[in-house]
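Both backbone and side-chain heavy atoms feed into the values below; hydrogens, waters and symmetry mates do not.
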Number of protein chains: 2
Amino acid sequence: MSNRLKSAPAVSRTQILAEFVRDYLPGARADVAAGELGHIALPMRVAGGRTITTDRTSNAFVYLASGATKLIAKASNGREQIVAFHFAGELVSVPGKSCHSYNLAALVDCDALTMPADELLAIARGDPDFLETLLQNTIGALHRCRDKAVGLGRKNAQERLADFLVGMAMRIGQDQEGACLINLPMSRRDVGDSLGLTIETISRQFGELRELGLVKTAGRSQVFLPDIAGLRNLAGYI
Amino acid sequence: MSNRLKSAPAVSRTQILAEFVRDYLPGARADVAAGELGHIALPMRVAGGRTITTDRTSNAFVYLASGATKLIAKASNGREQIVAFHFAGELVSVPGKSCHSYNLAALVDCDALTMPADELLAIARGDPDFLETLLQNTIGALHRCRDKAVGLGRKNAQERLADFLVGMAMRIGQDQEGACLINLPMSRRDVGDSLGLTIETISRQFGELRELGLVKTAGRSQVFLPDIAGLRNLAGYI
DNA sequence: GGCAGTCATTGATCCAGATCAACGAGTATA
DNA sequence: TATACTCGTTGATCTGGATCAATGACTGCC
């Protein structure tokens, strides 16, 4: 799992494309797929903190060869809601025109491949396997977003943080037989912006979970979870 | 638009299937498509208030030939969050195994067609047009869910209700040159469960919007919006 | 058309988390 | 290794929406 956070530079731009083909078009001959995708896919290396730019006028897909990102929605008054985090190997669906303005920002140095959604779909029409992978991927994102909506609409601060930590443990944690070590690539502010809470509330809830013996922290990013099952109980799942 | 809320009975179960084919597989020969789908698709008529049952062990799709539904997530302590409303002609993606338990409930009498997701996808692999339609549909649902997450995470009660009413106006409203008449098929409780608020707060915010001249109500379900643009301004969009 | 039951509204009070404020701990730069 | 600066923690106070409570208005059923 530790490679999910790899931030070592991919050697070249063509290699980013090749990794995407390997991950999402395993049946395709690499040269053929790369040829078609090469015209619409823009590979890029993005420094942590910068925005991964996509055409804002329509939907886009971004493949993440390495690194970690946050997908941010902006509402009025500068309020920000992080709607999803993504890690190496994942494909992100970035909304274009919508009620809110969406941005994909790099949490650490990233290698990314941006593609306009309609052009990617035009290519995918020729490859049912790929189309189905895209669909399965999108269904997964939809269901994660719905689970998130439950938290934002109906859970208290402690449940939200427990939920977040369990989710991160599963996605980027180093499993240690029921326990787990996580190296969070995002700040407390990011956690707050993701859970609809303030930075102060996040800090206090970390304190509570620490007192409950469910969390140990070291420095700003190291989090150790000695009892994943216990955290799950707190998370308000049914 | 008024047919989006049609609740007159569809004549037969085969007709529900035929409507799905017409809406989502326009290129397919109806008899061929119906033959394949016939083995996996379960047509049903469901009375308002009842649950549209799907196999809970895996994801499902539900096509709504007529009526209106709410997709409910249950968290612990009986807390409920409505993650989406759906109307006639729409295809709903219902999560199976997840952190929360999901149910699709009929708001009014519905004609529905339930299909296991993996079996539907197996059929769709033979038809790129259909697969692409499913994907576009799911991307749309994902982006609506993200916009909803922004509201749940970062907006106050008034913005949430304004947002909700604008959304309903676009989906089931009868447009009247900048104004709009809506016949809400859901209760105040449902509106609250969708916006992460209580029934009392919904009621108070309806009062506020009424005083602002942005909403007129008649009975429990009739809502008139004289100034959609004004509501949009309140909704906290960027 | 009267009655029952559910749903919506309104008012009073409470509380979880926001906001405001100050301080401490990491991290980066010279 | 000192310095500056951002990030995280902790405390005091405030507030929007929840909760508790009571009343009023539809809707459906005899």
Side-chain angles (χ1 to χ4, degrees), chain A residues 47-49 70 75 77-81 107-109 151-165 182-211 215-223 234 236, chain B residues 7 47-49 70 75 77-82 107-109 151-165 182-211 215-223 234 236:
Chain A
K70 53 180 173 179
N77 294 97
R79 290 170 293 183
E80 296 196 348
Q81 174 69 39
L107 293 168
V108 297
D109 296 350
L152 293 173
R154 290 288 174 225
K155 292 187 185 177
N156 66 24
Q158 188 166 85
E159 292 171 314
R160 293 187 204 189
L161 184 56
D163 188 353
F164 171 82
L165 290 172
I182 319 178
N183 211 311
L184 289 181
M186 71 287 286
S187 66
R188 295 286 188 271
R189 172 165 301 281
D190 287 333
V191 178
D193 284 346
S194 170
L195 301 180
L197 300 168
T198 60
I199 187 176
E200 294 94 332
T201 299
I202 298 297
S203 189
R204 280 184 250 269
Q205 290 306 326
F206 260 110
E208 296 257 326
L209 293 181
R210 230 179 273 125
E211 283 180 21
V215 165
K216 282 191 168 63
T217 55
R220 284 172 181 170
S221 61
Q222 291 271 348
V223 178
L234 273 197
Chain B
S7 60
K70 53 180 175 180
N77 292 99
R79 290 171 292 183
E80 298 195 347
Q81 173 69 39
I82 293 175
L107 294 168
V108 297
D109 295 351
L152 292 172
R154 289 290 175 223
K155 291 186 185 178
N156 66 24
Q158 187 165 86
E159 293 172 314
R160 292 187 205 189
L161 184 55
D163 189 351
F164 171 81
L165 290 173
I182 319 178
N183 211 313
L184 288 181
M186 70 287 285
S187 67
R188 295 285 188 273
R189 173 166 301 282
D190 287 333
V191 178
D193 284 347
S194 170
L195 300 179
L197 300 169
T198 60
I199 187 176
E200 295 93 332
T201 299
I202 298 297
S203 189
R204 280 185 250 270
Q205 290 305 326
F206 259 111
E208 296 257 325
L209 293 181
R210 231 179 273 126
E211 282 180 22
V215 166
K216 282 189 169 63
T217 56
R220 281 171 183 170
S221 61
Q222 290 273 345
V223 178
L234 273 197

**Asked** In the 5'-to-3' direction, what one-character label does each nucleotide of nucleotides 20-28 of chain D receive under the scheme B = base within less than 4.0 Å of a protein heavy atom, S = sugar-phosphate only, - = no such atom?
**Response** B----BBS-

**Message:** As a quick check of understanding, evaluate side chain to side chain donor-acceptor pair (under 3.5 Å) for B/Thr217 and B/Arg210, giving each step before the final call.
**Reply:** CA-CA 8 Å; B/Thr217 56; B/Arg210 231 179 273 126; 3.2 Å; yes

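- Residue contacts for B/Arg160: at a heavy-atom cut-off of 4.0 Å it reaches no nucleic acid atom on any strand shown.
- With axes fitted over five pairs at each extremity, the angle between the ends of the helix from C/dG1-D/dC30 to C/dA30-D/dT1 is 50° (10° resolution).
- Put simply, chain B comes within 4.0 Å of DNA chain C, heavy atom to any atom, from C/dT6 to C/dA12, going 5' to 3'.
- Protein atom CD of B/Gln205 is 7 Å distant from nucleotide atom P of D/dG17, rounded to whole Å.
- Across all strands, B/Ser187 comes closer than 4.0 Å only to sugar-phosphate atoms, never to a base (heavy-atom distances).
- One interatomic measurement links the two molecules: CD1 of A/Ile202 to P of D/dC7, which rounds to 16 Å at whole-angstrom precision.
- Considering only residues two or more places apart in sequence or on other chains, B/Arg154 meets the salt bridge (Lys or Arg N to Asp or Glu O under 4.0 Å) condition with A/Asp193.
- With the nearest nucleotide of DNA chain D identified for both A/Phe206 and A/Arg154, A/Phe206 has the one nearer the 5' end.
- For B/Arg189, the side-chain hydrogen bond (donor to acceptor under 3.5 Å, both in side chains) test picks out no residue, with sequence neighbours left out.
- Among the atoms of the strands shown, only primed sugar atoms or phosphate atoms (P, OP1, OP2) are found under 4.0 Å from some heavy atom of B/Gly196.
- Partners of A/Ser221 according to the side-chain hydrogen bond (donor to acceptor under 3.5 Å, both in side chains) rule, which considers only residues two or more places apart in sequence or in another chain, are A/Asn183.
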